[in-house]
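Heads up, the thing below is written out as structure tokens.
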Amino acid sequence: QVQLVESGGGLVQAGGSLRLSCAASGRTFSNYAMGWFRQAPGKEREFVSGISWNGARTYYADSVKGRFTISRDNAKNTMYLQMNSLKPEDTAVYFCAASTQMNAVVQVGSWGHGTQVTVSS
């Protein structure tokens with residue numbers, strides 16, 4: 001089992017930027033793909049972005065493509081989500097997820113507790 005802790009959320013104006021971090025411990029970080037999901041009030045949790053075990057493959061939801069960038073540093077056991085040009089509809093709790101597979105987040109094995117991102121108009 002891997003433990004995941006998110007940080008970097010907060011309140012930002014529309015058009016601004018935030019960088020989320022996800023620190024992992026408890027299992028070899030570089031053995032699996034990682035991802036970010038989000039859940040807005042009254043809505044289901046949705047996929048935002050994913051990254052393969054070595055960072056060679058990245059995936060994005062259409063709603064964030066071109067604005068968000070996912071990355072990982074296996075030496076630091078940390079994954080990041082750089083969010084630019086934020087919109088009020090990006091407001092949600094953002095969750096870090098560890099996959100059970102190496103190349104994509106097909107099945108989530110572990111979740112973080114989430115970090116709140118609020119974008120004001």
Side-chain angles (χ1 to χ4, degrees):
Q1 191 76 3
V2 61
Q3 290 75 49
L4 304 172
V5 179
E6 303 94 336
S7 62
L11 173 64
V12 64
Q13 288 188 333
S17 299
L18 283 174
R19 188 194 197 202
L20 304 184
S21 298
C22 172
S25 62
R27 187 157 66 99
T28 304
F29 181 72
S30 59
N31 281 358
Y32 42 90
M34 296 286 295
W36 290 97
F37 291 73
R38 67 186 181 187
Q39 187 166 17
K43 295 187 177 181
E44 293 188 353
R45 191 172 297 188
E46 63 175 3
F47 171 79
V48 174
S49 183
I51 188 167
S52 62
W53 67 277
N54 60 355
R57 303 181 187 181
T58 57
Y59 312 88
Y60 297 93
D62 288 343
S63 58
V64 307
K65 204 170 292 183
R67 300 187 297 120
F68 291 10
T69 303
I70 192 171
S71 61
R72 66 189 295 164
D73 185 339
N74 287 348
K76 295 182 178 179
N77 289 351
T78 303
M79 175 182 65
Y80 306 96
L81 185 68
Q82 178 67 43
M83 306 186 295
N84 298 329
S85 302
L86 282 161
K87 305 175 181 180
E89 51 263 44
D90 294 317
T91 296
V93 177
Y94 282 70
F95 296 91
C96 171
S99 176
T100 58
Q101 300 180 344
M102 294 185 69
N103 288 314
V105 187
V106 177
Q107 182 178 20
V108 175
S110 299
W111 291 97
H113 293 292
T115 185
Q116 176 71 47
V117 171
T118 302
V119 184
S120 63
S121 57

dist Asn54:CG -> Asn31:CG (nearest 0.5 Å) comes out at 11.5 Å

Is it the case that Asn84 and Ser17 place a side-chain donor and acceptor less than 3.5 Å from each other? yes

Is the shortest heavy-atom distance from the side chain of Phe47 to the side chain of Trp36 under 4.5 Å? no

Heavy-atom check, side chain of Leu11 versus side chain of Val119, under 4.5 Å: no

Taking Thr78 for the side chain and Lys76 for the main chain, is one N or O donor matched with an acceptor at less than 3.5 Å? yes

Please confirm whether Arg67 makes a cation-pi placement over Tyr60, using NZ or CZ under 6.0 Å from the six-membered ring centre and within 45° of the ring normal. no

N-O pairing of Asp62 and Lys65 below 4.0 Å: yes

What is the distance from atom OG1 of Thr118 to atom CG of Leu86, rounded to the nearest 0.5 Å? 10.5 Å

side-chain contact (heavy atoms from CB on, under 4.5 Å) between Ile70 and Tyr59: does it pass, once the steps are laid out? CA-CA 8 Å; Ile70 192 171; Tyr59 312 88; over 6 Å; no

Report yes if the side chains of Met83 and Asp90 come closer than 4.5 Å at any heavy-atom pair, otherwise no. no

Kindly indicate whether a cation-pi arrangement holds for Arg38 with Phe95, taking the cut-offs as under 6.0 Å to the six-membered ring centre and within 45° of the axis. no

With a 3.5 Å distance limit and no angle check, can you tell me whether Thr115 reaches the backbone of Gly9 through a side-chain donor-acceptor pair? yes

Within 45 degrees of the axis of the six-membered ring of Trp111 and under 6.0 Å from its centre: does Arg45 put its NZ or CZ there? yes

Tell me, do Thr100 and Tyr32 make a side-chain contact under 4.5 Å, heavy atoms counted? no

Is a donor on one side and an acceptor on the other found under 3.5 Å between the side chain of Ser52 and the backbone of Arg57? yes

If you measure from OG on Ser25 to CG on Leu4, what distance do you get to the nearest 0.5 Å? 7.5 Å

With a 4.5 Å cut-off on side-chain heavy-atom distances among I, L, V, M, F, W and Y, is there a chain of contacts connecting Val48 to Val105? no

Can you find a heavy atom in the side chain of Met34 that is under 4.5 Å from one in the side chain of Trp53? no

Can you tell me how far apart CE (Met79) and SG (Cys96) are? Round to the nearest 0.5 Å. 3.5 Å

Is it true that Ile51 and Leu20 fall in one hydrophobic cluster, defined by side-chain heavy atoms closer than 4.5 Å? yes

Return the minimal non-hydrogen interatomic distance between Ala33 and Asn103, and the atom names on each side. CB-C, 3.9 Å

So does Lys43 have more than 12 non-hydrogen atoms from other groups sitting under 6.0 Å from NZ? no

Please walk me through it: do Thr91 and Glu89 pass side chain to side chain donor-acceptor pair (under 3.5 Å)? CA-CA 5 Å; Thr91 296; Glu89 51 263 44; over 6 Å; no

Donor-acceptor contact below 3.5 Å, side chain Ser99 vs main chain Ala104: yes

How long is the gap from OG on Ser63 to CD on Glu46, to the nearest 0.5 Å? 5.5 Å

Can you check whether Ser30's main-chain N or O pairs, donor with acceptor, with Asn77's side chain at less than 3.5 Å? no

Which word best sums up how the rings of Phe68 and Tyr94 line up, parallel for under 30°, tilted for 30 to 60°, or perpendicular for over 60°? tilted

How about Ser110 and Gln3: do any of their side-chain heavy atoms sit closer than 4.5 Å? no

Do the side chain of Gln107 and the main chain of Gln101 share a donor and acceptor less than 3.5 angstrom apart? no

Would you sort out whether Leu81 and Thr69 count as a side-chain contact (heavy atoms from CB on, under 4.5 Å), showing the intermediate values? CA-CA 6 Å; Leu81 185 68; Thr69 303; over 6 Å; no

Cation over ring face, Arg19 and Tyr80, 6.0 Å, 45°: yes

Hey, is the main chain of Val93 close enough, under 3.5 Å, to the side chain of Gln39 for a donor-acceptor pair? no

